Amino acid sequence: MTQLPAEPYDTLLLVSFGGPERMADVLPFLRHVTHGRDVPPERLAAVAAQYEAVGGVSPLNAANRRLLAAIQAKVSDLGLAVAWGNRHAEPFLADTLTALATAGSRRVLAFVTSAYSSYSGCRQYREELAAALGVVRAAGLQPPTVDRLRQYFDHPGFVEPFVDSTLAALAGLPSGSSQVRLLFATHSLPVAAAAVCGPAGGAYVAQHQAVAALVARRVNAETGMDYGWELVFQSRSGPPRVPWLEPDVNDRIDALAQTGTDAVVVVPIGFVSDHMEVVWDLDTVAAQRCRAAGMAFARASTPGTDARFAGMVRELVLERTAGGARRALSPGGPAPDRCPASCCPNPAGRLPAVGEAGPATLSG
């Protein structure tokens with residue numbers, strides 16, 4: 001057994017967004033996600049209809065179970081228990097951390113299934129962890145210390161699976177495809193929110209551009225082709241008067257159809273696993289848009305349970321506990337273990353968050 005240092009971590013916690021697993025849970029899930037945001041009921045009903053169209057089940061919880069098993073296999077020699085908690089669906093973070101505290105857990109490493117810098121993709125997870133620890137404390141239990149593993153958008157274990165899945169998607173295009181465009185897709189954000197991501201601002205877009213460039217260069221080298229590529233955005237919400245990151249993936253599909261492009265490969269680099277914003281917004285809506293425009297469509301798979309991705313989690317643990325090598329492929333990496341207090345601010349005001357640099361933090 002690989003020996004961890006004195007006062008070792010005892011648990012590795014998989015932290016995810018969560019998703020409903022039956023149609024009856026869809027609206028409660030959507031209300032939980034949008035709590036406090038004054039989202040009209042008709043908007044929730046429209047999104048619920050999307051879930052119904054794909055069977056009323058998000059693929060995310062099933063993906064998390066598979067990832068949990070893959071991670072467990074990779075860290076089995078480190079003496080760590082492996083647990084799972086979601087922000088918006090069972091198993092909820094507060095319940096998982098309460099069970100860990102009851103079992104005597106003292107130090108927890110959290111792996112978050114969100115790779116990039118943004119409020120919703122980083123700080124909000126850390127706020128939710130802090131809030132869940134508050135629930136444990138309110139129950140009269142001693143909460144464990146929780147530290148978050150660093151961001152990993154440019155780690156080989158995240159990037160390389162996208163290279164291979166993009167190559168596979170290209171290989172699956174019709175043989176006559178000659179004008180092919182790679183569209184690297186991620187969730188859109190309000191422009192104002194994207195401007196303050198990361199310690200110096202602008203990190204959300206810059207990190208995605210870096211990953212897209214890494215994948216595109218490798219794909220072009222492997223194929224001997226010079227595929228054109230660009231970063232596109234999807235799944236925007238909110239009032240039309242608020243500017244969001246563009247171009248939208250469907251707008252680009254329409255525009256490319258006018259330029260002689262005959263095939264599009266969408267690479268969902270913003271996502272760790274296939275979930276509703278992949279299977280609906282890309283596999284359903286974007287694919288239909290391509291067909292309507294007379295273009296072939298292929299979608300690269302997400303890392304999911306790729307052995308390199310699960311192995312990356314092990315590497316991140318060993319970085320934190322045993323001085324393991326810190327691997328990163330972009331010029332700006334690797335990311336720090338803790339986020340500056342000013343990083344990715346909460347637009348509604350500052351809340352306690354785990355994994356923050358500086359004094360008065362809830363964790364290391």
Side-chain angles (χ1 to χ4, degrees), residues 11-37 44 47-48 50-51 54-72 80-103 105 108-116 118-136 139 143-144 146-149 151-152 187 235 270-280 302-305 309-310 313 351-355 362-363:
T11 305
L12 177 61
L13 174 63
L14 175 66
V15 182
S16 189
F17 194 84
E21 299 194 66
R22 56 178 184 158
M23 194 62 209
D25 295 334
V26 170
L27 275 176
F29 164 77
L30 294 174
R31 294 187 188 106
H32 196 278
V33 171
T34 60
H35 178 72
R37 288 165 51 187
L44 296 184
V47 176
Q50 297 172 8
Y51 279 87
V54 295
V57 176
S58 166
L60 186 53
N61 271 11
N64 283 331
R65 290 189 184 94
R66 293 191 296 270
L67 179 58
L68 193 73
I71 291 172
Q72 176 79 66
L80 291 168
V82 179
W84 165 35
N86 290 325
R87 286 171 51 189
H88 296 296
E90 293 182 348
F92 287 101
L93 276 173
D95 295 337
T96 298
L97 284 168
T98 297
L100 290 175
T102 301
S105 175
V108 173
L109 273 174
F111 173 73
V112 175
T113 57
S114 179
Y116 299 89
S118 70
Y119 170 66
S120 58
C122 181
R123 178 172 291 275
Q124 193 167 20
Y125 277 92
R126 297 189 295 109
E127 290 175 350
E128 295 278 357
L129 281 164
L133 291 172
V135 172
V136 175
V146 177
D147 294 326
R148 186 209 59 173
L149 292 169
Q151 289 175 323
Y152 49 85
H187 202 297
S235 315
F271 305 96
V272 165
S273 62
D274 294 3
H275 54 79
M276 277 299 293
E277 287 170 326
V278 175
V279 300
W280 177 259
T302 50
T305 56
F309 185 62
V313 180
L351 293 174
V354 307
L362 289 169
S363 71

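Residue numbers start at 1 and run along the sequence shown. Just so you know, these numbers come straight off a predicted model, no measurement behind them.
Residues meeting the side-chain hydrogen bond (donor to acceptor under 3.5 Å, both in side chains) test with S120, sequence neighbours left out: none.
Remark: side-chain polar atoms of T11 are not paired, donor with acceptor, to backbone N or O of V108 under 3.5 angstrom. A donor-acceptor distance shorter than 3.5 angstrom exists from the side chain of T96 to the backbone of F92, with no hydrogens or angles considered. R87 places no side-chain N or O within 3.5 Å of a backbone atom of F17 that could act as its donor or acceptor partner. Side-chain atoms of N61 come within 3.5 Å of backbone atoms of E90 as a donor-acceptor pair (strictly under, hydrogens ignored). Q151 contributes a side-chain N or O that, together with a main-chain N or O of Y116, makes up a donor-acceptor pair within less than 3.5 Å. Checking side-chain atoms of S114 against main-chain N and O of G121 turns up a donor-acceptor pair under 3.5 Å.
The minimum heavy-atom distance linking L97 with P144 is given by the pair CD2-CG, 4.3 Å. Between S273 and L60, the shortest heavy-atom distance links the atoms OG-CD1, 3.4 Å. Minimum heavy-atom separation, I71 to A310: N-CB, 4.3 Å. Nearest heavy atoms, D274 versus V279: CB-CG1, 4.4 Å. Smallest separation of non-hydrogen atoms from A130 and P352: CB-O, 3.4 Å. Residues C122 and R148 approach most closely at SG-NH1, 2.8 Å, considering heavy atoms.
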Checklist entry - Would V112 and R126 count as a side-chain contact (heavy atoms from CB on, under 4.5 Å) if you check the C-alpha gap in whole Å, the side-chain angles of each, and the deciding distance to 0.1 Å? => result CA-CA 9 Å; V112 175; R126 297 189 295 109; 6.0 Å; no
Checklist entry - Can V313 and L67 be said to form a side-chain contact (heavy atoms from CB on, under 4.5 Å), step by step? => result CA-CA 10 Å; V313 180; L67 179 58; 5.5 Å; no
Item to check | Working for side-chain contact (heavy atoms from CB on, under 4.5 Å), residues V47 and W280 | outcome: CA-CA 10 Å; V47 176; W280 177 259; over 6 Å; no
Item to check | Verdict with reasoning, L93 to V15, per side-chain contact (heavy atoms from CB on, under 4.5 Å) | outcome: CA-CA 8 Å; L93 276 173; V15 182; 4.0 Å; yes
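Here the OH-OG distance, from Y125 to S16, works out to 5.5 Å after rounding to the nearest 0.5 Å. T34 OG1 to L44 CG: the interatomic distance, rounded to the nearest 0.5 Å, is 4.5 Å.
With a 4.5 Å cut-off on side-chain heavy atoms, H275 and T302 do not count as touching. Residues P20 and V57 have side chains not in contact (no heavy-atom distance under 4.5 Å, counting atoms from C-beta outward).
Sorted by first and then second residue, the pairs that involve residues 12-37 and meet salt bridge (charged side-chain N to carboxylate O under 4.0 Å, His left out), not counting sequence neighbours, are E21-R65, R22-D25.
Using a 30° and 60° split on the angle between ring planes, H32 and H88 fall in the perpendicular class, above 60°. Ring geometry for F271 versus H187: interplanar angle of 30 to 60°, hence tilted.
When each of L12, L14, T305 is paired with L68, the side chain to side chain contact (heavy atoms under 4.5 Å, CB included) condition holds for L14 and for no other.
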